[in-house]
Amino acid sequence: MPELPEVETVRQSLQKKVAGLKIAAVKIVQPKVVKAGPFEDFAVALLGRTFIDFERRGKYLLAHLDGSASIVVHLRMTGRWVYCKPDTQLAKHTHVIFQLSDGNELRFTDTRRFGGMELVATQNLVEYNSLLKLGVEPLSEDFTPEILCILLQGKKSKIKSLILDQTNLAGLGNIYADEALFLAGIHPERKAETITAAEALKLHHAIQEVLQKGIANKGTTFRDYVDAEGQQGQNQLSLNVYGRGGQNCVKCGTALGKAKVGGRTSIFCPACQPTE
DNA sequence: CGGACGGCCTGGGAGC
DNA sequence: TGCTCCCAGGCCGTCC
């Protein structure tokens with residue numbers, strides 16, 4: 001499931017392979033993945049445009065084209081970009097195909113069809129609601145321990161729900177939230193307002209550490225995720241808690257605990273992450 | 001404000 | 001082998 005490190009890895013592979021290429025043809029197999037406006041307009045508007053560069057904001061991927069056009073993409077659970085030769089067998093659930101000026105294709109596939117894309121005039125991105133609502137980028141210099149403390153202050157919600165809320169921090173999903181809380185030694189159900197300044201400092205560090213490590217490992221391939229060149233990530237080999245339900249803590253050997261927090265499965269170590 | 005839940009989807013795994 | 005059921009979870013909308 002693509003979170004910040006996975007979307008960043010996809011962005012990097014698209015930047016490497018697709019930036020500078022022109023869209024020679026657009027084929028839309030599944031109109032529903034084009035979220036706003038008629039899909040015919042989407043196809044016509046993109047024809048002949050050139051991909052300039054690719055940007056990431058939280059879990060959103062922004063493809064900037066010439067002529068002040070941008071495609072806002074969200075991969076949700078199973079969305080993928082596939083850069084490949086045109087004779088490559090069409091994967092099941094291929095929804096959009098761009099024929100590129102280098103003779104290759106850029107395909108959008110999405111098994112569960114949660115993901116999608118939308119064409120937005122580049123100058124209107126600043127007022128595009130989904131992006132506007134996003135909180136601080138956790139790997140930017142704007143994300144300081146002080147900012148995290150302010151986010152936690154007076155909040156009665158559970159810490160995991162708070163850091164998963166994209167209006168607070170943009171980019172954490174279930175995997176990296178569980179991993180960061182484990183590293184920080186904080187139970188996912190702790191009320192945010194009870195987190196001390198010292199703990200917030202640890203959490204701030206842990207969030208940056210798990211995300212940076214995720215990017216360095218080119219993402220976590222737990223089920224579906226691959227980058228635009230079909231490469232799996234390696235970060236699944238470094239996980240301490242996510243997906244390890246029923247196993248023992250790598251630090252202390254205690255049996256890992258499992259809970260639903262905000263409707264999401266959460267794995268934690270009851271000894272290393274006390275409820276207090 | 002915060003929490004709970006349904007909807008959107010398919011495929012993989014468990015259990016029978 | 002084949003059936004049913006549950007689960008995976010990002011985000012939105014609704015309701016309490």
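Proteins get letters first, then strands, A, B, ... in listed order; numbering begins at 1 in each.
- Remark: side-chain polar atoms of N168(A) are paired, donor with acceptor, to backbone N or O of L162(A) under 3.5 angstrom.
- Rounded to whole angstrom, the span from the NZ atom of K191(A) across to the P atom of dC1(B) amounts to 16 Å.
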Please step through side-chain contact (heavy atoms from CB on, under 4.5 Å) for the pair L183(A) and V210(A), ending with a clear verdict. CA-CA 9 Å; L183(A) 278 193; V210(A) 297; 3.7 Å; yes

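- No donor-acceptor pair under 3.5 Å is formed between the side chain of N217(A) and the backbone N or O of G219(A).
- Between L151(A) atom CG and dG2(B) atom P there is a gap of 12 Å when expressed in whole angstrom units.
- Distances shorter than 4.0 Å separate some side-chain N or O of K92(A) from OP1 or OP2 on dG11(B).
- Taking the centre of each ring, Y242(A) and F182(A) stay at or above the 6.0 Å mark.
- In this structure, D165(A) atom CG and dC1(B) atom C1' are separated by 12 Å, rounded to whole Å.
- In this structure, CD on E3(A) lies 7.0 Å from CG on L172(A), to the nearest 0.5 angstrom.
- The distance from atom CG of L75(A) to atom P of dC8(B) is 22 Å, rounded to the nearest whole Å.
- Note on K35(A): nothing from the nucleic acid sits closer than 4.0 angstrom, heavy atoms only.
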Its contact letters, B for base, S for sugar-phosphate only and - for none at protein heavy atoms under 4.0 Å, make nucleotides 10-16 of chain C read BBS----

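- For DNA chain C, if you chain together Watson-Crick or G-U pairs that step i with j, i+1 with j-1 and so on, the runs of at least three with distances under 3.5 Å are B:2-8 with C:10-16, B:10-16 with C:2-8.
- A gap of 26 Å separates the P atoms of dC8(B) and dC3(C), to the nearest Å.
- If you check residues 226-248 of chain A against DNA chain B, you find no residue with a heavy atom closer than 4.0 Å.
- Proximity of F51(A) to D66(A): side-chain heavy atoms (C-beta onward) are nowhere separated by under 4.5 Å.
- Rounded to whole Å, atom P of dG2(B) lies 18 Å from atom NZ of K160(A).
- Heavy atoms of S161(A) sit nowhere under 4.0 angstrom from any nucleic acid atom.
- Between K16(A) and E229(A), at least one side-chain N (NZ, or NE/NH1/NH2) sits under 4.0 Å from a carboxylate O, which counts as a salt bridge.
- Counting only heavy atoms from C-beta outward, the side chains of F108(A) and T94(A) never approach each other to under 4.5 Å.
- Under the 4.0 Å criterion applied to side-chain N and carboxylate O atoms, E118(A) and K35(A) are not assigned as salt-bridge partners.
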Verdict with supporting geometry, H64(A) and F54(A), ring pair (Phe, Tyr, Trp, His ring centres under 6.0 Å): CA-CA 6 Å; H64(A) 300 305; F54(A) 294 87; 8.5 Å; no

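- In this structure, R11(A) does not pair ionically with E55(A), as no charged nitrogen and carboxylate oxygen lie closer than 4.0 Å.
- When the side-chain nitrogen and oxygen atoms of K260(A) are compared with OP1 and OP2 of dC7(C), none of them lie within a distance under 4.0 Å.
- Rounded to whole angstrom, the span from the CG atom of N168(A) across to the P atom of dC1(B) amounts to 11 Å.
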